[in-house]
*Asks:* 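Below is one structure. I have some questions about it.
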Protein chains: 2
Amino acid sequence: MTFSEENYLKSIYHLTAALETEVSTNAIAEIMETKASSVTDMLKKLAEKDLVNYKKYQGVSLTENGKLAAKMIVRKHRLWEVFLVEKLNFSWDEVHDIAEQLEHIKSEQLINRLDDFLGNPTEDPHGDPIPDANGRIIKIEKHLLSELSDNQTGVCVGVKDTSSEFLKYLDKQGIALGSKIEFLSKESFDLSVKIKVDERELSISNKIASNLFVKLV
Amino acid sequence: MTFSEENYLKSIYHLTAALETEVSTNAIAEIMETKASSVTDMLKKLAEKDLVNYKKYQGVSLTENGKLAAKMIVRKHRLWEVFLVEKLNFSWDEVHDIAEQLEHIKSEQLINRLDDFLGNPTEDPHGDPIPDANGRIIKIEKHLLSELSDNQTGVCVGVKDTSSEFLKYLDKQGIALGSKIEFLSKESFDLSVKIKVDERELSISNKIASNLFVKLV
DNA sequence: TCTCTTTGTTACTCAAAAAGAAAAAAAATG
DNA sequence: CATTTTTTTTCTTTTTGAGTAACAAAGAGA
């Protein structure tokens, strides 16, 4: 499998996971920053290899093979991210690009040993779940901070947006995975939210609040 | 720099290090298992980028830029090998192919942090020196076992042949880096050598003895 | 000199990926 | 329902990296 094929699979996986439905050629073209015609070509190639179900004009979905292959790529990506953060002291906003390269290294043995070395983590540094060697994923119950009600309390367990800017903002505000967050109140005018993080009161915009996942406690 | 360019640089580096002279197009073609004409193409490309000194008909050598670039690739390769052996418990005969992939990951930060994480090792699992971030290499005094005289004693510090077969043979014989090796005598008929390894007497062929490096003690 | 080997050049081939234009199909609109 | 718009596909090209084949030139030895 070429790098490009792997990247397509990964994109389709993320899109279908979010939408729970077939994805359109254009949707793929957009997030991969390429042209629809290029996507069509690749879809034919992937269909040939029984990695996607491709019916012209109808969108694509992953076959079982494709889903497993995509999960293995995601697994590699996220395990390498854990490695970079836990072992090499990178911060969570620096790891994406490097993991993007490392995810294409081909060796099952390597990734399984890395998994063991890291203590079989179930989440990456952004709180996203890591598929195990069989592709199984442990889902945890999580809610967007923006959707809590007044006075509910949660622990930060993930971020939706993993861009470097957002993560750096969180660092600056002292919000990290594991932070205890109390939802105090929502401002009806701009939907901004008053929260208390580790005893500090803070006001965050709705955009921020709708990119933070918390687990209720 | 493409993978292929990096692989050429690395090959030229190894060839020139061994021979201390210009290398011929044909010599490169042979170890890279390709045709002389392909090599010529690449040499032009590398000369364009000021990575090699290429004078038609005269062979190539690395420029300072090229030498540094090659050393950085070797550095990555050998550091990843240390990682695989020390942290992921691979054996020394299993790591080459994986390191061959990992050496192409592009991130200076990554490799320097990996270096620190591993405790700034100076040799890889086969006893070969690891260039530091500036390309400096610490050479140690080492001799081929086949060239010792009777009753000299040394410690195994490296192998010349790093093929999986040879390394597995050494494992089977209980010879590893750090093994104390006493040179007992050489058989003049076939040049085979009697040695004592950790209190066990052993007879090894000349071929084996000329692929083992020892440091005299 | 003649011949052989080494080395280099030029012109192709091939594959992967992507792009553009135009055709075809599906969806939306009045 | 007919027409328009949007989406998707098809077909044709381009680009890039890699490599091959055939031929030309240089140099070495007899």
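When reading the values below, keep in mind they use all heavy atoms of this one structure, side chains included, and skip hydrogens, waters and symmetry mates. Naming: A, B, ... by sequence-line order, numbering from 1 per chain. Everything numeric here is computed off the predicted structure, so don't read it as measured data.
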*Asks:* Under a 4.0 Å N-O cut-off, is there an ion pair linking B/Lys106 with B/Glu6?
*Replies:* yes

*Asks:* How many whole angstroms separate atom CE of B/Met1 from atom P of D/dG17?
*Replies:* 13 Å

*Asks:* Look for any protein N or O under 3.5 Å of an N or O in nucleotides 14-16 of chain D and output each such pair with its distance, or none.
*Replies:*
none

*Asks:* Which donor-acceptor pairs under 3.5 Å do the side chains of residues 127-141 of chain A make with protein atoms, sequence neighbours left out?
*Replies:*
{"residue": "A/Asp132", "atom": "OD1", "partner": "A/Asn134", "partner atom": "N", "Å": "2.7"}
{"residue": "A/Asp132", "atom": "OD1", "partner": "A/Gly135", "partner atom": "N", "Å": "3.0"}
{"residue": "A/Asp132", "atom": "OD1", "partner": "A/Arg136", "partner atom": "N", "Å": "2.9"}

*Asks:* Starting from P on C/dA26, measure out to NZ on A/Lys55 and report it in whole angstrom.
*Replies:* 13 Å

*Asks:* Side-chain contact, heavy-atom cut-off 4.5 Å: B/Asn7 with B/Ser4?
*Replies:* no

*Asks:* Suppose we screen for side chain to side chain donor-acceptor pair (under 3.5 Å). Which residues come up paired with A/Lys10, at least two apart in sequence or across chains?
*Replies:* A/Glu100, A/Glu103

*Asks:* Can you find a heavy atom in the side chain of A/Phe90 that is under 4.5 Å from one in the side chain of A/Phe83?
*Replies:* no

*Asks:* Determine the contact category for B/Phe3: base if any of its heavy atoms lies under 4.0 Å from a base atom, sugar-phosphate if only primed atoms, P, OP1 or OP2 are that close, otherwise nothing.
*Replies:* nothing

*Asks:* Who are the side chain to side chain donor-acceptor pair (under 3.5 Å) partners of B/Asn53, not counting sequence neighbours?
*Replies:* B/Ser61

*Asks:* Nearest-nucleotide wise, let me know which of B/Ala27 and A/Gln58 is further upstream toward the 5' end of DNA chain C.
*Replies:* B/Ala27

*Asks:* Rounded to whole angstroms, how far apart are CD1 on A/Ile28 and C1' on D/dT9?
*Replies:* 14 Å

*Asks:* Got a sec? Which of residues 29-54 of chain A come in under 4.0 Å of DNA chain C, heavy atoms?
*Replies:* A/Thr34, A/Lys35, A/Ser37, A/Ser38, A/Asp41, A/Met42, A/Lys45

*Asks:* Taking only the side-chain nitrogens and oxygens of B/Ser4, find out if one of them lies under 4.0 Å from OP1 or OP2 of D/dA18.
*Replies:* yes

*Asks:* Does this structure show an ion pair linking B/Asp115 with B/Arg75, if we count only N-O contacts that are shorter than 4.0 Å?
*Replies:* yes

*Asks:* With sequence neighbours left out, write down each residue that passes side chain to side chain donor-acceptor pair (under 3.5 Å) with B/Asp97, or none if nothing qualifies.
*Replies:* none

*Asks:* Rounding to a whole Å, what distance do you find between A/Asn26:CG and D/dT9:C1'?
*Replies:* 11 Å

